[in-house]
Amino acid sequence: MEKKILLKGGSLSKTYREGNKVIKTISLTDEREYGYVRWYSQQKKMQKYVDLYPELFPKIYNIENSELEAEIQMEYMEGFKDIKTVFQQEELSLEELNKINDSIWEGFNKLHSNNFHSIDGLGNLYFQEEVVQKINDALSASEDFRNFYEFKIYNLDNNEISGFQVYKNLLSNFFKKLKLEKEELIFGNPTLENILYSFEENRSVFIDLYEESILDSKYLDYSMVLQCSNSYYGYLNDNELFVEKNYISHNLEIPTNFKNFNSLFCNKLDKKDIELIKVLEATQFFRMLPFKIKSNDLIKAKYFYVHGCKLLGEVFS
């Protein structure tokens with residue numbers, strides 16, 4: 001029997017490599033809403049996408065379960081690495097970064113070419129469920145986070161940042177007015193950690209899809225790339241962050257790959273869409289709060305909450 005090797009991935013799930021397979025497990029009893037329900041919806045979404053674009057997603061082999069746990073077995077992508085790790089470990093040329101950027105856009109363009117009419121009112125539902133409800137869930141889950149949330153002003157790397165309460169009505173009005181002509185098939189979770197790349201094949205593969213996006217908009221996919229390339233989520237999440245009362249900081253030197261890639265990626269965005277993409281980037285940091293708290297990552301929850309507020313301040317200042 002092949003030895004299981006623990007891999008990174010998932011706040012409430014566990015991911016292993018076993019030979020030429022990747023196995024992702026989830027509890028059927030603990031935190032079902034933020035664990036199993038999302039785990040299952042991811043697998044069903046990937047099942048559909050693998051048939052449509054087999055070059056963009058790993059093969060699914062089978063699902064097994066006991067009374068307490070379920071697991072999905074998928075193809076291990078030999079020769080591929082997640083882009084976040086590549087950016088952290090290697091110093092890449094602009095030519096190499098351009099190839100990665102073009103590969104991601106090629107995958108996005110294939111998915112997003114499948115579009116359909118949007119429904120009026122989805123923006124307001126997104127705000128209620130993916131922002132307000134997620135913050136409320138975080139507040140209900142942790143007294144410590146509730147106390148932190150009560151601060152009116154935070155100090156983030158020596159910059160004063162107002163809390164979410166200042167932006168709540170502005171953000172609500174923004175989403176009430178939001179009208180999308182169309183929505184698309186989307187990845188739903190394209191952080192750089194969830195995009196695998198092979199230099200040999202010059203090809204990107206998408207993993208860990210997300211189904212409960214409410215807004216199936218390509219702009220949501222773009223915002224989640226920026227979450228990592230512009231806001232450095234994956235890199236910061238892998239390192240130690242500092243939180244003391246309302247003062248938060250990191251003493252990290254960001255690898256230049258992230259900054260150079262971010263410039264290349266943003267060059268392909270239409271300027272008229274930037275405000276919406278930036279607002280959606282900010283909301284990513286509120287959507288994740290219950291997941292962080294329920295996986296006992298309170299310091300990261302606090303840090304990323306304030307970072308989300310910082311991004312809102314850049315839009316609504």
Side-chain angles (χ1 to χ4, degrees), residues 53 55-56 80-115 174 178 180-207 209-210 213 215-237 252-285 304 307-308 310-317:
Y53 299 107
E55 73 278 15
L56 291 179
F80 285 75
K81 278 187 177 181
D82 76 85
I83 292 174
K84 181 205 70 175
T85 298
V86 172
F87 283 4
Q88 291 177 182
Q89 294 180 347
E90 303 179 33
E91 189 171 334
L92 302 179
S93 67
L94 286 177
E95 181 181 359
E96 289 172 315
L97 290 170
N98 252 317
K99 287 183 176 180
I100 293 173
N101 185 46
D102 288 345
S103 177
I104 292 172
W105 276 99
E106 181 182 353
F108 277 170
N109 290 337
K110 286 179 180 179
L111 275 183
H112 300 158
S113 66
N114 299 274
N115 57 69
F174 179 91
L178 179 64
L180 297 173
E181 290 184 10
K182 59 186 178 181
E183 295 178 67
E184 297 85 15
L185 293 187
I186 64 168
F187 184 152
N189 194 23
T191 63
L192 296 181
E193 189 171 32
N194 290 336
I195 304 176
L196 310 181
Y197 180 76
S198 165
F199 285 97
E200 183 177 346
E201 297 186 32
N202 187 26
R203 179 165 69 98
S204 290
V205 168
F206 299 151
I207 61 172
L209 285 71
Y210 186 79
S213 299
L215 284 176
D216 282 340
S217 170
K218 61 185 179 182
Y219 304 123
L220 202 68
D221 273 352
Y222 303 158
S223 76
M224 295 199 76
V225 174
L226 295 189
Q227 180 186 355
C228 279
S229 65
N230 181 62
S231 290
Y232 316 127
Y233 164 69
Y235 183 70
L236 297 178
N237 197 47
L252 301 169
E253 184 174 346
I254 306 299
T256 56
N257 286 328
F258 289 99
K259 300 176 182 179
N260 291 337
F261 171 82
N262 188 63
S263 294
L264 295 171
F265 186 83
C266 289
N267 283 341
K268 288 183 175 286
L269 298 175
D270 194 317
K271 289 183 179 179
K272 68 179 176 56
D273 301 323
I274 293 297
E275 182 182 62
L276 172 57
I277 295 168
K278 292 294 291 181
V279 168
L280 291 172
E281 179 189 357
T283 65
Q284 304 308 331
F285 292 97
F304 291 128
H307 183 80
K310 170 180 177 287
L311 293 176
L312 290 181
E314 293 173 359
V315 175
F316 295 117
S317 59

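Count residues from 1 along the sequence. Remember, predicted model here, so these are calculated numbers, not experimental data.
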Open item on the list: Any donor-acceptor pair under 3.5 Å linking the side-chain atoms of Asn202 with those of Tyr197?
Closed with: yes
- [ ] Could you tell me the separation between the CZ atom of Arg203 and the NZ atom of Lys99, rounded to the nearest 0.5 Å?
- [x] 15.5 Å
Task: Phe80 vs Ile207 side-chain heavy atoms within contact, under 4.5 Å - done: no
TODO: For the pair His112 and Phe108, name the ring-plane relationship: parallel under 30°, tilted 30 to 60°, perpendicular over 60°.
DONE: parallel
Open item on the list: Given 3.5 Å as the limit, does a donor-acceptor pair link the side chain of Asp216 with the main chain of Glu183, or not?
Closed with: no
Open item on the list: Taking side-chain hydrogen bond (donor to acceptor under 3.5 Å, both in side chains) as the cut-off, I'd like each qualifying pair that reaches into residues 257-267, sequence neighbours left out, listed once.
Closed with: Ser229-Asn262
Open item on the list: For Lys182, is there any backbone N or O sitting under 3.5 Å from a side-chain donor or acceptor partner on Asn115?
Closed with: no
Open item on the list: Check the orientation of Trp105 and Tyr222. Use parallel for under 30°, tilted for 30 to 60°, and perpendicular for over 60°.
Closed with: tilted
- [ ] Would you confirm whether Glu184, through its side chain, and Lys218, through its main-chain N or O, come within 3.5 Å as a donor-acceptor pair?
- [x] yes
Task: Ser231 side chain to Tyr233 backbone, donor-acceptor under 3.5 Å - done: no
TODO: Determine, using ring centers only, whether Phe265 and Phe258 are less than 6.0 Å apart.
DONE: no
Open item on the list: Applying salt bridge (charged side-chain N to carboxylate O under 4.0 Å, His left out), can you list everything that pairs with Glu275, at least two apart in sequence or on another chain?
Closed with: none
Open item on the list: Would the distance check show the side chain of Asp82 and the main-chain N or O of Thr85 forming a donor-acceptor pair, the cut-off being under 3.5 Å?
Closed with: yes
TODO: Assess whether atom NZ of Lys110 is packed by more than 12 heavy atoms of other residues, nucleotides or ligands within 6.0 Å.
DONE: yes
Task: Side-chain donor-acceptor pair present, Gln284, Ser223, cut-off under 3.5 Å - done: yes
